[in-house]
K.L.:
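Here you go, one structure.
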Amino acid sequence: MEKEIRFSVRFPPEVLDHIKHVAKEEERSINSEIIWILREYLKERQQHASDHKNQA
């Protein structure tokens, strides 16, 4: 099993409120929602970089 690393982050209140709302809708914990958001962002970013590289 992969070891998890604890990491503190400060969020603007409006961003955290939005994440809380989405997490509740998706029936996830706030932590799980943040991880999901970050993973999705990283996948998109990697895909965008691959697409951009293929166009060059």
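Hydrogens, waters and symmetry mates play no part in the numbers below; they use all other heavy atoms, side chains included.
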K.L.:
I'd like to check the side-chain contact (heavy atoms from CB on, under 4.5 Å) partners of E27; sequence neighbours left out, ordered by chain and number.
P.N.:
none
K.L.:
Mind checking what makes side-chain hydrogen bond (donor to acceptor under 3.5 Å, both in side chains) contact with H18, not counting sequence neighbours?
P.N.:
none
K.L.:
What side-chain donor-acceptor pairs closer than 3.5 Å can you find for residues 28-44, not counting sequence neighbours?
P.N.:
unit_1, atom_1, unit_2, atom_2, d
R28, NH1, E33, OE1, 2.8
S29, OG, S32, N, 3.0
S29, OG, S32, OG, 3.0
E40, OE2, K43, NZ, 2.9

K.L.:
Sequence neighbours left out, what passes side-chain contact (heavy atoms from CB on, under 4.5 Å) with P12? Give chain and number order.
P.N.:
E14, V15
K.L.:
In the single-linkage hydrophobic clustering (I, L, V, M, F, W, Y; side-chain heavy atoms under 4.5 Å), do F11 and F7 co-cluster?
P.N.:
yes
